[in-house]
Number of protein chains: 2
Amino acid sequence: MANQLSPLDQVFSALADPTRRAIVMRLCAGEASVGELADPFDMALPSFMKHIHVLETSGLVLSEKSGRVRTCRLSPDALLGAEDWFQRQRAIWEARLDRFEAYVTKLKKEKERAAAKRPSRTTKKKGSE
Amino acid sequence: MANQLSPLDQVFSALADPTRRAIVMRLCAGEASVGELADPFDMALPSFMKHIHVLETSGLVLSEKSGRVRTCRLSPDALLGAEDWFQRQRAIWEARLDRFEAYVTKLKKEKERAAAKRPSRTTKKKGSE
DNA sequence: TCTATAGTTAGCTTCATGGCTAACCAATTA
DNA sequence: TAATTGGTTAGCCATGAAGCTAACTATAGA
């Protein structure tokens, strides 16, 4: 028991479901009761509540019950955490692209220098793209 | 059949698995063969291949086989698409916060104006936070 | 107090996911 | 040509996710 899912696991798998993504989108615009949230969906309430629960355990959504109505709101932290993951990956990816570009540029220069040394063999041999 | 998963569904559920997230992270640093990718994982190859396949159908990863080795590389588009989703949600969220702040400011000003009109009742009644 | 509303709990079904083994190609290399 | 390497296919199993209905609790309103 207690399989210890990482926060990112939970956030991404919460967002993998279109219903839950729609709930998050709705909550970005402001808090709402379970009933209000459930209204647009053609789904039995207990099924819908499961989605809410998934969102809560993923940390994306917080809720509070007052009287008989439960009000849900977004907790932006989890969302930011996931966004951050993308940004870090992109940074790595872009750094690599930069290195690659530098490498290509270097190759190109060396080629040009080599071509300049022996003008008999023209540069257009075999297409340079 | 053909359940028509949306691209975002597929990308997010692909990224919900720590093994697959690790593969994506690895591929951000540059392309690699299936064997190289599988090496750090204590998992049978066929199981590992399933992860690769999930990543491919989600559009996150591309692969090509030459000889008997299959080389995988990241397709940044799908990653950017998901990142974009976060950014759009955050924009909505932040716009709402701005509106909310404006509203609070307005309330505060009205309160001050009201307090100025009747100086007998002091502002400090019941704490203003 | 009665009734309607808003959620909640329990329990069931079905299908997808993530793992495994065993057996099978198809390129390399000896 | 035989053996090895790198990946693939097929098929099995256990678990979990997503949906449902039925029945229940607790607050709000008439």
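Letters go in sequence order (proteins before strands), and every chain restarts at 1.
- Looking at A:Phe86 and B:Leu15, their side chains come closer than 4.5 Å, going by heavy atoms from C-beta outward.
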Review item, side-chain donor-acceptor pairs of residues 29-45 of chain A, under 3.5 Å, at least two apart:
residue, atom, partner, partner atom, Å
A:Ser33, OG, A:Glu36, N, 3.1
A:Glu36, OE1, A:Ser33, N, 3.0

**Asked** Could you run down nucleotides 5-12 of chain C 5' to 3' and tag each one B, S or - for protein heavy-atom contact under 4.0 Å?
**Response** BSBBB---
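- Atom CG of A:Asp9 is separated from atom C1' of C:dG18 by 13 Å (rounded to the nearest Å).
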Scan the side chains in residues 59-69 of chain A for donor-acceptor partners under 3.5 Å anywhere in the protein, sequence neighbours excluded, and list what turns up.
residue, atom, partner, partner atom, Å
A:Ser63, OG, A:Glu56, OE1, 3.4
A:Ser63, OG, A:Glu56, OE2, 3.1
A:Ser63, OG, A:Arg70, NH1, 2.8

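- Following rounding to the nearest Å, A:Met43 (CE) and D:dC20 (C1') show an atom-to-atom distance of 11 Å.
- Annotation: salt bridge (charged side-chain N to carboxylate O under 4.0 Å, His left out) contacts involving residues 12-24 of chain B, sequence neighbours excluded, comprise A:Asp9-B:Arg21.
- Legend: residues meeting ring-ring contact (aromatic ring centres under 6.0 Å, His included) with B:Trp93, ordered by chain and number and at least two apart, are absent.
- Counting to the nearest Å, the C1' atom of D:dG7 and the CG atom of B:Leu37 are 13 Å from each other.
- Atom CG in B:Leu55 sits about 13 Å away from atom P in C:dT17, given to the nearest Å.
- Pairing each heavy atom of A:Ala82 with each of A:Val11, the nearest pair is CB-CG1, 3.8 Å.
- Counting to the nearest Å, the P atom of D:dG7 and the NE2 atom of B:His51 are 16 Å from each other.
- Listed by first and then second residue, the salt bridge (charged side-chain N to carboxylate O under 4.0 Å, His left out) pairs involving residues 73-89 of chain A are A:Glu83-B:Arg90, A:Asp84-A:Arg88 (not counting sequence neighbours).
- Rounded to whole Å, atom C1' of D:dG6 lies 13 Å from atom CG of B:Asp39.
- Of all the residues in residues 10-30 of chain A, not one reaches under 4.0 Å from DNA chain C with any non-hydrogen atom.
- Counting only residues at least two apart or in different chains, ring pair (Phe, Tyr, Trp, His ring centres under 6.0 Å) contacts with residues 49-75 of chain A are absent.
- Look at B:Ser47 and you won't find any side-chain N or O under 4.0 angstrom from OP1 or OP2 of C:dG18.
- Counting heavy atoms from C-beta outward, B:Gln89 and B:Ile92 have side chains that approach closer than 4.5 Å.
- Here the P atom of nucleotide D:dT21 and the CZ atom of A:Phe48 are 16 Å apart, to the nearest Å.
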